[in-house]
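First the structure, in the form of structure tokens, and then the observations on it.
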Amino acid sequence: MPLQILLNGSRGRMGQAIAAAAPDMHAVICAATDAGDDPAQYLDAADVIIDFSSHHATRSLLELAIARQKPIVIGTTGHNSSDKQTLLQLAAKVPCVWAGNFSVGVNLLFALTRRATAVLGVDYDTEVVEMHHRFKKDAPSGTAARLLEIILEERKLDRTALRHGRSGITGERQAAEVGVHALRGGDVIGDHTVIYAALGERIELTHKASDRAIFARGAIRAAHWVVNQPPGVYDMQDVLGLK
Ligand code: NAD
């Protein structure tokens, strides 16, 4: 029996990519919901919910998943950090995979960034640059946010170290700063670069997505995996066995 998916955000770019990828991955979209629909009435037939919609939808969808004890895969980004903490506590009541990026390559980039930050340390000025299509509504991207979390953890810095763009008389760069820059334009699906710049050398780690199908396939892979897990919040590193 193929995996039965309730897909929320089904009319969006990612929703359409997931619907296109499902048939080759032993999965069926048994219900497709979008803004204005009530997912509750379609949930009985579903084994799992996949959500790529809007951050406004996450709380009510999680409450529904908890009430009906359905596993959920969340790809939606754009939550502020205090909302995200509250939502993660809710999400832990059901089996939940929550990832800012479902691609295998980006999950390797996360692991490489952790290692590079630990090895290079404070002498290497660290900046994150991301570029996405002109329609993206949030910045920096969920993937850039995760890269920044990893860098702050390894450097033992808090969020006050972040510099979102620079403008005017900023003064010299401080060693404890971590820069973040969001470029927007055209149809770019998602580029991320972590730059480590020292006096005399520079290292750049770059990932470029050229097809949304990588996220769609990752999300469906996560859905197959999460239906067999106990309640708790997991990420793509768990799904891929990278931890
Ligand atoms: P999109 O704007 O093309 O699609 C979003 C869809 O959600 C639209 O059809 C919209 O009508 C719908 N929607 C809005 N509010 C809703 C609500 N309250 N309930 C149900 N549906 C609602 O956007 P997209 O490019 O498909 O991206 C969707 C989300 O997924 C964004 O947050 C984006 O950043 C994120 N994303 C995550 C990954 C990942 O790997 N985690 C990859 C790509 C995009």
Side-chain angles (χ1 to χ4, degrees), residues 1-9 14-15 18 21-22 25-27 29-31 33 39-40 42-111 113-114 141-154 159 214-243:
M1 182 75 172
L3 186 73
Q4 305 290 311
I5 295 171
L6 184 150
L7 177 59
N8 194 51
M14 275 307 301
I18 289 166
M25 295 189 68
H26 202 54
I29 309 303
C30 67
T33 56
Y42 306 106
L43 204 52
D44 279 346
D47 301 316
V48 60
I49 302 166
I50 298 184
D51 174 58
F52 283 74
S53 62
S54 155
H55 63 281
H56 296 297
T58 312
R59 174 180 284 274
S60 62
L61 204 58
L62 274 175
E63 285 168 350
L64 180 63
I66 293 164
R68 305 279 282 274
Q69 281 302 298
K70 294 284 182 185
I72 185 167
V73 172
I74 298 178
T76 301
T77 66
H79 311 87
N80 69 39
S81 53
S82 70
D83 285 353
K84 178 100 183 256
Q85 288 315 311
T86 319
L87 293 169
L88 286 172
Q89 284 170 6
L90 273 181
K93 297 180 180 175
V94 285
C96 172
V97 177
W98 191 326
N101 195 304
F102 281 89
S103 100
V104 174
V106 159
N107 280 278
L108 181 61
L109 177 67
F110 291 152
T113 296
R114 188 174 291 286
S141 68
T143 304
R146 182 66 195 131
L147 288 167
L148 292 164
E149 276 173 15
I150 291 168
I151 294 162
L152 293 179
E153 280 166 25
E154 288 300 324
R159 297 185 58 79
I214 58 167
F215 310 126
R217 285 197 296 267
I220 296 171
R221 185 167 168 178
H224 276 290
W225 182 87
V226 79
V227 293
N228 295 314
Q229 303 306 317
V233 180
Y234 307 94
D235 61 19
M236 210 45 195
Q237 311 267 316
D238 295 303
V239 176
L240 297 172
L242 285 173
K243 279 189 175 159

Scan the side chains in residues 58-66 for donor-acceptor partners under 3.5 Å anywhere in the protein, sequence neighbours excluded, and list what turns up.
residue	atom	partner	partner atom	Å
Thr58	OG1	His55	O	3.4
Thr58	OG1	His79	NE2	2.7
Ser60	OG	Ala57	O	3.3

What do the steps show when you test Met1 against His26 for side-chain contact (heavy atoms from CB on, under 4.5 Å), and what is the final call?
CA-CA 8 Å; Met1 182 75 172; His26 202 54; 5.8 Å; no

Exercise. Going through the checks in order, is the side-chain contact (heavy atoms from CB on, under 4.5 Å) test met by Met236 and Asn101?
Worked result: CA-CA 8 Å; Met236 210 45 195; Asn101 195 304; over 6 Å; no

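Interatomic distance, Phe52 CZ to Thr77 OG1, rounded to the nearest 0.5 Å: 9.5 Å. Taking CD of Gln69 as the reference point, atom CG of Leu43 lies at 11.0 Å (rounded to 0.5 Å). Atoms OG1 and CG, on Thr86 and Leu90 in that order, are 8.0 Å from each other to the nearest 0.5 Å. The CD atom of Glu154 lies 12.5 Å from the CD atom of Glu149; values are rounded to the nearest 0.5 Å.
Considering all non-hydrogen atoms of both residues, Met25 and His224 come closest at O-NE2, 2.7 Å. Residues Ala45 and Gln4 come closest through the heavy atom pair O-CB, 3.4 Å. Counting all heavy atoms, side chain and backbone alike, Ser103 lies closest to Val106 at OG-N, 2.9 Å. The two residues Asn8 and Ser53 have their closest heavy-atom pair at ND2-OG, 3.5 Å. The heavy-atom pair separating Ala219 from Ile50 by the smallest distance is O-CD1, 4.0 Å. The two residues Gly15 and Leu7 have their closest heavy-atom pair at O-CD2, 3.4 Å.
Annotation: Trp225 is in aromatic contact with Tyr234 [ring centroid separation under 6.0 Å].
Residues meeting the salt bridge (Lys or Arg N to Asp or Glu O under 4.0 Å) test with Asp83, sequence neighbours left out: none.
At least one side-chain heavy atom of Leu3 sits less than 4.5 Å from a side-chain heavy atom of Val227. Put simply, the side chain of Phe110 reaches to within 4.5 Å of the side chain of Thr143, judged on heavy atoms. A 4.5 Å side-chain heavy-atom check between Pro39 and Leu6 finds at least one atom pair inside the cut-off. Side-chain contact check for Asp51 versus Val73: every heavy-atom pair is 4.5 Å or farther apart. A heavy-atom distance below 4.5 Å is not found between the side chains of Ile72 and Val48. In this structure, Val97 and Ile74 have side chains that are not in contact, with every pair of non-hydrogen atoms separated by 4.5 Å or more. In this structure, Ile214 and Phe102 have side chains that are not in contact, with every pair of non-hydrogen atoms separated by 4.5 Å or more. Using a 4.5 Å cut-off on side-chain heavy atoms (C-beta onward), Asp44 and Arg68 make contact.
A salt bridge is defined here as a Lys NZ or Arg NE, NH1 or NH2 lying under 4.0 Å from an Asp or Glu carboxylate O, and Lys70 with Asp47 fails to meet this definition.
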